[in-house]
Engineer: 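Structure below; questions to follow.
Below, chains carry the letters A, B, ... as their sequence lines are ordered, and counting in each starts from 1.
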Amino acid sequence: MPAIGLLIRHQLRYLARTPAATAAQVFGTALGVASLVAVHLVSERIKAELDANAPREVTHLLRGAALDEDAYFELRARWRSGQFPDVEAMVPVVEGHAWTAGRPRRLSGMDLLADRRPGETDTNVDGGGDGDAITDLLTRDAVLAGAALGFERGDVIRLNDFEVSVVGTFGTTADGFLADIATARRILGRDGPTAVWLRTGADDPVLERWLPGSTAGFRQAGALHLGEGLVARPLAEAEPTRRFALALLFNLGALGLLALFVSTFLIYQSAHANVTRRAASDAQLAALGVSRGTLRTLFVGEGTLLGLAGAGLGVCAGWALAVVLMPAPTPSSNGVSLSAVAIAKGGIGGISVAAFGALAASRQSAKPNLRLAWAAGAAVLLLASVASDTLAASFGIVLALCLLQVAVLVPGTGTFLARLLARGQRRIAITRRAAMRSATGQLAEVHVAVGALSVAVAAAIGIGVMVESFRQDFVGMLEQRLWDGIQVETTATLPGVPASLDDLRASPGVVDVRAYARAPVTINGLSANVLLTRGDIAEARRYGYGAPFQDAILLNEAGARTLAAGPGDAVRVAGGRGARMMRVVHVFRDYGVPGPRIVAAVDHVQPILEGIAYDSFSVRTGEGRATAPLKADLEARFPTAEIRDQSEIRRRALDVFDRTFLIASQLTLIALLVAVAGLYNALSELQARRRGENRLLYTLGVGRGRIASLAMQQNALIGLAAAVLGIPLGLAIAWVLCTEVNPRAFGWSIPWTPGLANVLPPVSLGVAAALLAGLGPTWVAARTVTGAAQHEA
Amino acid sequence: MLRVEGVGLRRDDGGRSRQILDDVFLELAPGQVAAVWGPSGSGKTTLLNLLGGLLRPDRGAIRLTVTTGPDAGLELPVHALPDRERLRYRRRHVGFVFQFLNLLPTLTVEENVLLPLELNALEDRADAALRRLDALGVGSVRHRFPDALSGGEQQRVAIARALAHAPALVLADEPTGNLDAGNAERVADCLWEQARDAGAALVVATHNERLAERADTVIRLRE
Amino acid sequence: MKHRQTPALAVAAALLLVACSDSAPEPSAAGLRLADVLGDSRAAGFRFADRVVPLRFPDDHGPHPAFRSEWWYLTVALRSPAGEEFGVQFTLFRQALRPAGPQAPEDAWRSGQVYLGHLGVTDVDGGRHYEAERLARGHPRLAGAVAAPFAAWIEGWRLASEGPSFLPLRLTGTTGEFDVDLVFTDGRPPTPQGDRGLSPKGPNQASYYYSIPRMTATGTLRLPGGTVPVSGLGWIDREWSTSVLADTYAGWDWFALHLDDGRDLMVFQLRRRDGRPDEHDQGLLIDAEGPRPLDADDFSLAVERQWRDRRSVRWPVRWRLRIGGDTLLVEAALDDQVMDTSIRYWEGLVRVHTLEGERVGSGYVELTGYR
């Protein structure tokens, strides 16, 4: 290409001559990327913490009376011969409580070689790093001790009647032991595995790496039927809080993308202003024979270059933000580390957004009616998304609404307001009247930047309302489901339960003891589970229902949706011994259980079942009562059971949540900062266009202060319009997330609970953002206004 | 009464100092018209900016004596006024008519005319100012926005706006430069007539010989 | 939140790596090098291959737990009735975590043995190479080997005698992608390599090593495209030792060829890091007169062509093999026969031609230590 060197020099000098606009473009990209990277890193970190509390990548848990060593090996052989192609790994586990220093401690032994490739590494274990730990674990009585126990590598301890070496430690808060399955079998005196952990292809590792937590929303893990009496349950069922947290991450990730979306608008607006400013020089170049294509290529190249700079800054800023938001839990453990995926994500996102923005702007200047095309596209997307019931479609709704906001609502409102202000207003000073009309008229001209601010405000509102809705629902769930006290769950049946629990009821501090049984049934022919319980009001309240249900059933949301049944409907429930029509009195939100499930009173359902085995019970204690002695007692009594302190679980769950809130509020700020950068460019452009009017006013005797004040009023009006227009969009985004995205992704809906507290701050921040963005252009406008040389204009 | 005494102005122009105006003298009574004539770049607009208080001369003096209204007898040393006073001077005692971009596009004809009255808190003169629109033949378009007017109409509205607050001095910079010959003639007639009736001294910068010839005094500027 | 259950799988993840590859300086995602794994120096308590011990059968078909590592290694060159060429490889590695006697362990779950199985199929005409990998502890129901009646298995992949005698032998293996089912009938008797079965692999390293070439194979392969009946020739290699490869070596190139004139040929060269030829290179030629060991001077190998894989590793895929007065061209039937398993190496079907281009045989080549 001839003279390309000169053209590039021309381009670079142009950038250098408009440092503020150039900086705003880089800054905007950087902020968008920063939000993307910060959300990614924080999600990665939260996900890792969630995973540290559960076997990594395990998706299903197989337990039950039918599980013995023979059954395990037969199952494994069937799997290896090609049955259950979805299963990727199968790990036998022997778990139970072993006594040390007068206390029972949890001992988990798994086949350490059942799911590995040589080459995997793990950083959670401190085994001294010399590689002897695995050899020791596999060849002698050796364990890894939970870090909270205070043992050190090299200690020799007694577990039950065995002398055992501690060959390493793990975790930061863990207070149990890990061992090879051979060691656990010996110490616990058991033959067969107590459980089998399974991993299915439910977590797409690639998708999961790029969007941590995302697959929780896209794939539903159902129960796996592996044979007679061998039903592996999704781990999520046992861990609603984990699933809940994943759901939040999932939604957060989606909203994190919104910041990048906003910065796309910003970059577009900056690039558009750039194209406009350069129209004259471009026309000259075109007249000299430089093709439009060359000019466009140069322009997009320039945009890409700025995007690269912005992406680099943004990755660093996002990392810094994530580090601040997620400090390392202990000084010795790792905090947030910058992953290659985060860098790639930020880099690709920033550069492509910048290049796309520049390309769209250069096209737009050629075809001014592109806005209509965008609006039409958004409308089509909206209609198509509303018609579909997939998860992707519900995100399509959000995207379409944002596009419509920018392409239709903002410019339309500008035009409407301008018409409204064109007459009357006798009581408003004429200068202000002029300024307001000018501002509303120009709303339509810089609709992309104003729309971006509007979307940013909407995102902030959406995040706030979504998180608040989640929190209210979550706290409600914790309070309903997790009573203060201890939950005891077992692999198969609890011996002697419920009869043997009577003495517990009499223990000091114990308020109530409830036993639960589970059984497979079919509801209207669909396979489902029933939880058998006392049908009293206390139980009913746990599911958000206010009356006893001795002769009726409670149905979960997933079941209600699949069966198209609701309160008042009768469904046919069939068990091993017969079937019966049962009345649904309430539909409850069932966190983490994707399949149909009913809760019923024992006496109501027992007649159709083959017999009941109780597999769990809960001991409710008075609020704030120390549960440790009770827990130790239960651990001794039920050595193979899973024993959980409910208040501890609640504390941890809220902790994860509160940290997630932090990122949510930061996201809000980032989105608004992005909008400030975009708006700065737009308002600069507006004030530049208004130079003639300002000059006239100055000549007529209107002082600089008054001109500045009018300019700020214009900025405030624009900010207010954008912010107010952001309210309905923000509420709509939150509504879609709570009532469409979440049920489609996770099977339960979140009640949409908008509050003024979630709406007002983003709106006022939006107006503040507009005023902040307007300071520079206003100052320039007031400083440079002169009355001279009117006829040279 | 406007008195310009030996006004001169130098300007830095591309690193070189250039004498733009040198030793300009003028004395203009209320109701009289002075034309500033010269080719492009001779300093016509600069002189108008000096008279309007938008620029300050290096040498000489500009004095305006108000002869009517509540400020009658007030003598303003325009060349020496501080910034705030010059702003007030411009707002209260000067009316402007330009070649184009005279009117605020977001205000109607009527609002444009009322603007100087509001700026000077002289709303009581609104009726008189609006009657002048009729006299200028643009009363029927008073509710329209400027972009709906012809060039001649726009200039007539600008004249009404320039005289609305009864200034002692009206400055017109190529007021007919944008119009065809017939329209130019009519607009010039209006300007002359209205300024004289209002008792304002009128200074018109033009490179149009015919227009200059109609003035009481002509200042000829060389390039 | 199930805080009582700890990251057990993650814990398990690192461990075998560390256990098996103490000497690997940088275990990278690219997988371990076979030579690194087999060159582990932590060998206290294990027996060494340091003197000639007469091979005894059937005992030596079974495991030697007193030695640290061992493998059962089978390669087969096959053809379908339509003449399409296929190759099959099955390898079972045994690695001991601690020395053990010949008796069965007290606790089946704590055998101290780790087994790694590899199964590979080359579909030459389809241009594809399939591979799978399994890892398990030594346990009667998971992985292991016994001498008589012979069997070596890992989770459903099984190489075992069909009756009381070693032959006939059957290989069965199922993966999600492909299945192998081959029966081997007559073949040569077990033939010791090196000095009566003691095969030097460096100045102070050696292994016990014997081969069973020219086993007649028939059976079926199930590939994504369908099931194919096949027949051909198989070759078993058995090797056990405690320390195999010294640091001066990067890896080895190993050839096992069945020639159409009835000769069987094994040669290997140890690739020194300094690039010089090594005196320990050796081979074995079996013809009508019986087996004849080959010294480093008796043969030479020259690489004629290299192929670069997707990780930019260059593998030799065509050689000029000079042996006595003969010169043979050995070329990969398919360039990409990389075993992209946790241990990364090239194991593939090769064709043998004369310099004039006449096809005179088939076989297998193993290349390790390339990166």
Side-chain angles (χ1 to χ4, degrees), chain A residues 414-415 417-445 686 689-711 713-714 717 782-793, chain B residues 11 40-41 44-46 48-50 52-55 83-84 86-108 110-121 123 143-145 158 161-162 164-165 167 171-175 177-178 205-207:
Chain A
T415 311
L417 283 179
R419 290 226 179 106
L420 198 70
L421 287 173
R423 292 277 176 268
Q425 308 97 34
R426 289 257 165 228
R427 263 177 265 151
I428 304 174
I430 292 177
T431 45
R432 181 173 297 155
R433 237 181 273 170
M436 294 303 111
R437 287 179 194 164
S438 158
T440 49
Q442 283 166 335
L443 259 184
E445 291 174 44
L686 285 191
R689 287 190 205 183
R690 228 175 272 149
R691 203 171 290 150
E693 291 167 42
N694 287 339
R695 198 180 272 167
L696 185 60
L697 287 171
Y698 184 68
T699 307
L700 294 179
V702 177
R704 290 197 167 100
R706 174 82 179 145
I707 288 175
S709 139
L710 286 172
Q713 289 173 32
Q714 290 178 317
L717 180 74
R783 195 182 54 108
T784 57
V785 67
T786 60
Q790 213 27 246
H791 74 218
E792 289 158 16
Chain B
R11 267 289 179 82
S40 292
K44 296 190 297 287
T45 299
T46 307
L48 254 53
N49 284 339
L50 286 169
L54 289 160
L55 291 174
D83 283 357
R84 279 190 83 80
R86 281 198 291 156
L87 190 70
R88 200 189 113 69
Y89 158 75
R90 216 158 54 229
R91 187 162 71 211
R92 180 64 197 86
H93 301 296
V94 186
F96 289 89
V97 180
F98 303 107
Q99 183 174 355
F100 39 63
L101 290 175
N102 257 312
L103 306 173
L104 284 166
T106 48
L107 295 181
T108 60
E110 185 179 302
E111 287 168 332
N112 263 293
V113 172
L114 294 177
L115 176 62
L117 296 182
E118 193 181 281
L119 290 174
N120 289 295
E123 283 89 346
H143 294 303
R144 292 206 192 149
F145 284 92
R161 205 256 328 270
H165 53 305
L171 301 172
D173 194 355
E174 301 279 12
N178 224 17
T206 182
H207 64 273

Engineer: Below 4.5 Å from any heavy atom of chain A, which atoms of Y89(B) appear? Answer side chain, backbone, both or neither.
Structural biologist: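 Neither the backbone nor the side chain of Y89(B) comes within 4.5 Å of chain A.
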
Engineer: Working to the nearest 0.5 Å, report the span between CD1 of I430(A) and CG of L114(B).
Structural biologist: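 Nearest 0.5 Å value for the CD1-CG distance: 5.0 Å.
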
Engineer: Heavy-atom distance under 4.5 Å to chain A: side chain of R161(B), backbone, both or neither?
Structural biologist: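 R161(B) touches chain A through side-chain heavy atoms alone.
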
Engineer: Rounded to the nearest 0.5 Å, what separation is found between the OG1 atom of T699(A) and the CG atom of N49(B)?
Structural biologist: 7.5 Å

Engineer: Starting from the C-alpha separation in whole Å, work towards a yes-or-no answer on side chain to side chain contact (heavy atoms under 4.5 Å, CB included) for L696(A) and F96(B).
Structural biologist: CA-CA 9 Å; L696(A) 185 60; F96(B) 289 89; over 6 Å; no

Engineer: Please say whether more than 12 non-hydrogen atoms of neighbouring residues, nucleotides or ligands are located less than 6.0 Å from CZ in R706(A).
Structural biologist: yes

Engineer: If you take all heavy atoms of G703(A) and L87(B), which pair is closest and at what distance?
Structural biologist: CA-CD2, 3.3 Å

Engineer: What part of T108(B) gets closer than 4.5 Å to chain A, counting heavy atoms only: side chain, backbone, both or neither?
Structural biologist: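 Both parts, backbone and side chain.
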
Engineer: Of all the heavy-atom pairs spanning R90(B) and G701(A), show the shortest one and how long it is.
Structural biologist: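 Residues R90(B) and G701(A), closest heavy atoms: NE-N, 4.3 Å.
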
Engineer: If you count heavy-atom pairs within less than 4.5 Å of chain A, which of P116(B), G52(B), P105(B) leads?
Structural biologist: P105(B)

Engineer: Can you tell me how far CZ of R91(B) sits from CG of L697(A), rounded to the nearest 0.5 angstrom?
Structural biologist: 12.0 Å

Engineer: State the CG-CZ distance between L104(B) and R437(A), to the nearest 0.5 angstrom.
Structural biologist: 10.5 Å

Engineer: Which region of L103(B), side chain (C-beta onward) or backbone (N, CA, C, O), has a non-hydrogen atom less than 4.5 Å from a non-hydrogen atom of chain A, or is it both or neither?
Structural biologist: backbone

